[in-house]
2 protein chains.
Amino acid sequence: MAISADTPRAAGSPAPAAAGGTHARGGPPPRYGTRPTMKDVAARAGVGLKTVSRVVNGEPGVTPDTERRVQEAITALGFRRNDSARILRKGRTASVGLVLEDLADPFYAPLNRAVEEVARSHGALLINGSSAEDPERERELALAFCARRVDGLIVIPAGGDHRYLEPEIAAGVATVFVDRPAGLIDADAVLSDSYGGAREGVAHLIAHGHRRIGFIGDRPRIHTAAERLRGYRAAMADAALPVDENWVSLGPTAPERVRAEAERMLAGPRPVTALFTGNNRVTVTALRVIARLPRSVALVGFDDLELADLLSPGVTVVAQDAARLGRTAAELLFRRLEGAGEAPRRVELPTRLIVRGSGELPPAGD
Amino acid sequence: MAISADTPRAAGSPAPAAAGGTHARGGPPPRYGTRPTMKDVAARAGVGLKTVSRVVNGEPGVTPDTERRVQEAITALGFRRNDSARILRKGRTASVGLVLEDLADPFYAPLNRAVEEVARSHGALLINGSSAEDPERERELALAFCARRVDGLIVIPAGGDHRYLEPEIAAGVATVFVDRPAGLIDADAVLSDSYGGAREGVAHLIAHGHRRIGFIGDRPRIHTAAERLRGYRAAMADAALPVDENWVSLGPTAPERVRAEAERMLAGPRPVTALFTGNNRVTVTALRVIARLPRSVALVGFDDLELADLLSPGVTVVAQDAARLGRTAAELLFRRLEGAGEAPRRVELPTRLIVRGSGELPPAGD
DNA sequence: TAGAGCCTGGACAACGTTGTCAAGCAGGGC
DNA sequence: GCCCTGCTTGACAACGTTGTCCAGGCTCTA
């Protein structure tokens, strides 16, 4: 029998699941949108409230016969425990909040999934939201999660000041920052080695003969962007190569800006012969620019891309393990929840240079 | 001043945010992990409980002076409203649950984000989880969300029987299915035109001279997989082309299986000259197989891929608008919540053939 | 058969919030 | 001076669950 989702029921046709009465026999039929409670189940089964609670939670001390009667009442009424009340009473919510930049970003999605898996293995649900790189929105989300009394919070910071979380952390909300460190507070953080990864990637380009290398990255206030730029400069310095500041561009990763900057660096009498791109979004746009050029330009990007191996030439990347970032952060969080009372830790995961050929092009000139 | 995340505080060093007393003056310092309540705020501000509630909720009828005292107490104690209690009292949770197959899948991630955006615009939070294509897990997640009393539920079905949701729907949980229809119940659904899209994609291959076309898709119990196969058969029939059953393969989208099936279809004396792939995961694996072959093989895939335009040849796809699927479903859901009491609707969104060249290869033989 | 002890079941309070309602108070009109 | 009005404020119950505690009935043993 099908049920119409929202058709209001006439008094003469009560919802089948609730037929028989939420209230004592003879009472009015339950209003649409009103759910039966343990009290209703108890009344129907002819037992006490606590007995229903025991059955629902699988607690011992209920005879099989009583249990059967309760189960029948539960099924007949379509009862489902109200976790809000349960949470209120117990204090723990078995849920974790995750604030990231963009749920849809191919870099963060696996991180999201990894956090979900760890949460699931601990019996916790995941609430999440996208900050869209807006500090105020990050704050709103994180505090909304705290109001829901999440047991723990995982944050990919958009802002640079997380003092607003101090009362929450002090109150026991286990908090772990991922991908970027917390601002102005001392807290757990799980990061990738942005500096080392960028340095290695740029060194790869240098090793293949490039001397004029452009760097296009995210906004400078973002920790990873700054670190990767630092890695770029270190690699150039290692090889005693000068850096023309026209080769460096930090800013929003919107395709228009990245395209303009890439085209600028690749134009003129002495263009760069290679690009190092600071994250997956930048890389994709840069690849589109390069694809339209008659000559070949070397590129190494931070973050792996799904089809990077199928492009020709394959795209060399500095890969982060986003899933591992998420997993590590979530595991750290649950260790905290289980009472590991050490000082905040900063975990740094290594990156991996995946050479696929795009860095190995002979330099175009110089 | 930095706060250690989990260091238990000695009695002599109370949490700064709570210093001054959660309880009446002179009482014991608050225990770690215990949060101040409105009662505590009221005591500290020297006002009644309800006045605090009014200030917290911005209700009128509080003098500026009283409000200031309450605000000070809130800040001093680090108070944050407990939404569990609020939800229990009010009955509405301002949250939406989303069950999808895999949070990390590049097809579902934008859908996830779109649902989030709509929820956000309605002031609701998003709880989500991955079913991993396991009906039991789908059920667990959906019911866990219902226990949390989400106002609405968006489900990408893994299973084929959703009667377990009948009591929930009857109790007022607005429920919308996306990508695939509900099983054995009558409910809102937002779908892509899998049949039409596949038919158009396969017709494209036929128009370019292909006569032996393979179809590799997801498990047959999945509605979209079955529909796309139906579209494939229709296109072949339209052109009066015979279908060798060796050209059709439905099953898990694990790379090993897809690779084996693609290699099988492309081997032998009379291989297929083109492949139609049933979703993004299948397409990616098939592209890898094709890339290793000496000869070129045409391919059209269901679902767009991020770098599809940069491959050579570009990959022709039947694109779905995943974000629009999510947005449409979420908007429908909120319309239901606002009381639109019509019969369940099935919305079907069009697909779009994006021609990029991979289908335009001359057939390899025949 | 009586007493002790165990097992089952239920009454009750509490979790933190919000809606209802009534009290207190100041100001103004008569 | 008194009453009425309107505003601010607070006491109280209720939301649905779980933990505590106690009562009653049963079994087992002496």
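Labels below follow one simple rule: chain letters A, B, ... track the order of the sequence lines, proteins then strands, and each chain is numbered from 1.
Listed by first and then second residue, the side-chain hydrogen bond (donor to acceptor under 3.5 Å, both in side chains) pairs involving residues 148-162 of chain B are B/T93-B/D151, B/E138-B/H162, B/D161-B/R163 (not counting sequence neighbours).
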Report all interatomic pairs (protein N or O, nucleotide N or O of nucleotides 6-10 of chain D) with separations under 3.5 Å.
unit_1, atom_1, unit_2, atom_2, d
D/dT9, OP1, B/T63, OG1, 3.0
D/dT9, OP1, B/T66, OG1, 2.5
D/dT9, OP2, B/T63, N, 3.0
D/dG10, OP1, B/G48, N, 3.3
D/dG10, OP2, B/G48, N, 2.7
D/dG10, OP2, B/T51, OG1, 2.5
D/dG10, N7, B/R54, NH2, 2.7

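DNA chain C is contacted by A/L88, A/R89 of residues 87-97 of chain A, taking any non-hydrogen atom closer than 4.0 Å. Residues of residues 140-152 of chain B that place a heavy atom closer than 4.0 Å to DNA chain D do not occur.
Atom CZ in A/R81 sits about 20 Å away from atom P in C/dC15, given to the nearest Å. To the nearest angstrom, C1' of D/dC15 lies 13 Å from CG of B/N82. In this structure, A/E67 atom CD and C/dC7 atom P are separated by 17 Å, rounded to whole Å. The CE atom of A/M38 sits 19 Å away from the P atom of C/dC12 (whole-angstrom rounding).
Distances shorter than 4.0 Å separate some side-chain N or O of B/S53 from OP1 or OP2 on C/dT18.
Each end of the helix from C/dT1-D/dA30 to C/dC30-D/dG1 yields a helix axis from five base pairs, and these two axes differ in direction by 60° (to the nearest 10 degrees).
Contact between B/E67 and B/V62 at its shortest, heavy atoms only, is N-CG1, 3.7 Å.
By the side chain to side chain donor-acceptor pair (under 3.5 Å) test, B/R80 is found to be paired with A/E168, residues two or more places apart in sequence or in another chain being considered.
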